[in-house]
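In what follows, chains are A, B, ... by sequence order, proteins preceding strands, each numbered from 1. On a predicted model such as this, the values are computed, not experimentally measured, just so you know.
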Amino acid sequence: MDWVNTIVQGVLLGGLYAMFATGLSLMFGIMRLVNIAHGDFIVLASYLALVVVTSLGLSPLISLVIVVPLMFVIGYVLQRYLLNKTLGDDILPPLLVTFGMSIILQNVLLEVFSADSQKLSAGALDIASITVSDQLSVGVMPLIVFISGVAIVGGLQFLFYKTELGRAFRATSDDQDTARLMGVNNSHIFALAMAIAMAVVAIAGVFLAMRTNFDPTVGPARLLYGFEAVIIGGLGSLWGTLAGGIILGVAQAVGAQIDPGWQIMTGHIVFLVILIFRPRGLFPRSVD
Amino acid sequence: MSKLKIQNLTAGYGDFQALFGIDLELNAKETVAIIGSNGAGKSTFMRSIAGLLKNTPDAVQFKGENIGDLPANKVVEKGIALVPEGRRLFPSLSVEENLLMGAYSKRKGPWNLNRIYELFPILKEKRNNPGTALSGGQQQMVAIGRALMSNPELLLCDEISLGLAPTTVKDIYKAFPAIQEDGTTVLVVEQDINQAMAVSDRIYCFQEGRVSLEGKPGEVSKDDIKAAYFGM
Ligand SMILES: Nc1ncnc2c1ncn2[C@@H]1O[C@H](COP(=O)(O)OP(=O)(O)OP(=O)(O)O)[C@@H](O)[C@H]1O
Ligand SMILES: [Mg+2]
């Protein structure tokens, strides 16, 4: 029963990792952009939530109403006026630019908020749990995070495959010139894709801040978990990314159960093993 | 008034100049074919009109309006659609999604999915297949259908018969009267000279980035064409 508990907690944790990963997956899938600053944007969203919560006295969950649109706009502007200019046949410029943004973000956050670790408290929600049986109880907050993760992936899947905008995303990602011939304004489409990715980042950041302690330096580790989830799942597949997040979460939980010091390492090992046997991930997109 | 007027159009890639001052005119309801050997600049010309390559505003006049400096996504809104060389279907989209992408500009007009399926019935059968799973001829039908979905007044077709069996080429060109019936003017690039002569009211021959011959199919001789084609 202990193990059932471990796996359930791992799955729930995986929901958060999937959320970290979805934004990355979107950016890579549509723009072929590898965003090194992804984790730092998650942390930026955490701090934005902190500011909103402390200055307006709102509950962390309600802060989403402000943080999500804010990150959406930041994403749009960033892509439209900066990152689009770095995209091309060479993949190095966007790597360098986002690497630079990562360093800038960490330092600005350090300057403004200090290195003190922070946490957003959701009050009673923090400790609320549902008792399933004697040995298994599920935290309400982790459950909310997990359900949100699944809902985000489902929603994006719908957007991608069932709407006109999603069709334009896929077409532009296939062939930019030909998309232009159809009337697509590529810079706008890419900016919208980044805006949507950043909206997901915002949700991930707020939930991160509610689930764990954070400080300006925790971004790169979130980036790493996100990367691992994306690659385990297979590049460009959203359900794969969710599966990747869950696998990573379970691996970490099982590792921690064996020995608390093994949590992170077990995740990396499972990632490597999957990479060895399935270099393209578990559910790779058929066309690339 | 001419539908399309090209004046002194130049284009190139980086330092390389591919077109040296092209002049060309196209009247409404007229079908014009461009012929010329490999590398003559035909595709560069089509891509320039469609807005994929930048130009001075007055290099391209469409219905009296200077559109030479518009980007491709604005050119299609004006009513010019390009069927690009090599078809360029979107590989991750189904046949129907490819066609629907053609309607992205939301231009009003006679074309919709049903009419495309009437024009090319086989596409209806295959509508849920990935575009790239089709035969070459069927892919070309998708590319033409996709361009028509933007309800163009001017349809640019770049080597739509390339690599296709003669019977397939015939099938595809059979759709042209239906396309032109609605007032769409067609400009084609054709490597096959006989095909070009058969479908067009007028032909232009390109050679090394310049117009080397212009005339009506009945009026230019084989020798004229040979000279214009190979520069002999
Ligand atoms: N993307 C490009 N970059 C650099 N040069 C190019 C590019 N595309 C075409 N060219 C060059 O421009 C010239 C004209 O090419 P273009 O494709 O317009 O010729 P074409 O008449 O369409 O030939 P084909 O019959 O082979 O399609 C050629 O010399 C070609 O090598
Ligand atoms: Mg060509």
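If you measure heavy-atom distances from B:Leu93 to chain A, the contacts under 4.5 Å come from both the backbone and the side chain. Contact annotation for B:Arg107: neither backbone nor side-chain heavy atoms come within less than 4.5 Å of a heavy atom of chain A. With a 4.5 Å cut-off on non-hydrogen atoms, B:Lys106 touches chain A through its side chain but not through its backbone.
The structure places CG of B:Asn8 at 9.5 Å from CD1 of B:Ile22, a figure rounded to the nearest 0.5 Å.
Among the candidates B:Leu100, B:Val75, B:Leu82, the residue making the largest number of heavy-atom pairs closer than 4.5 Å to chain A is B:Leu100.
Inter-residue side-chain proximity for A:Met182 and B:Ser105 is flagged as unmet; no heavy-atom pair is nearer than 4.5 Å.
Shown here is A:Ile91, whose CD1 atom has no more than 12 heavy atoms of other residues, nucleotides or ligands within 6.0 Å.
Of the possible donor and acceptor atoms, one in the side chain of B:Glu30 sits under 3.5 Å from a partner among the backbone N and O of B:Asn27.
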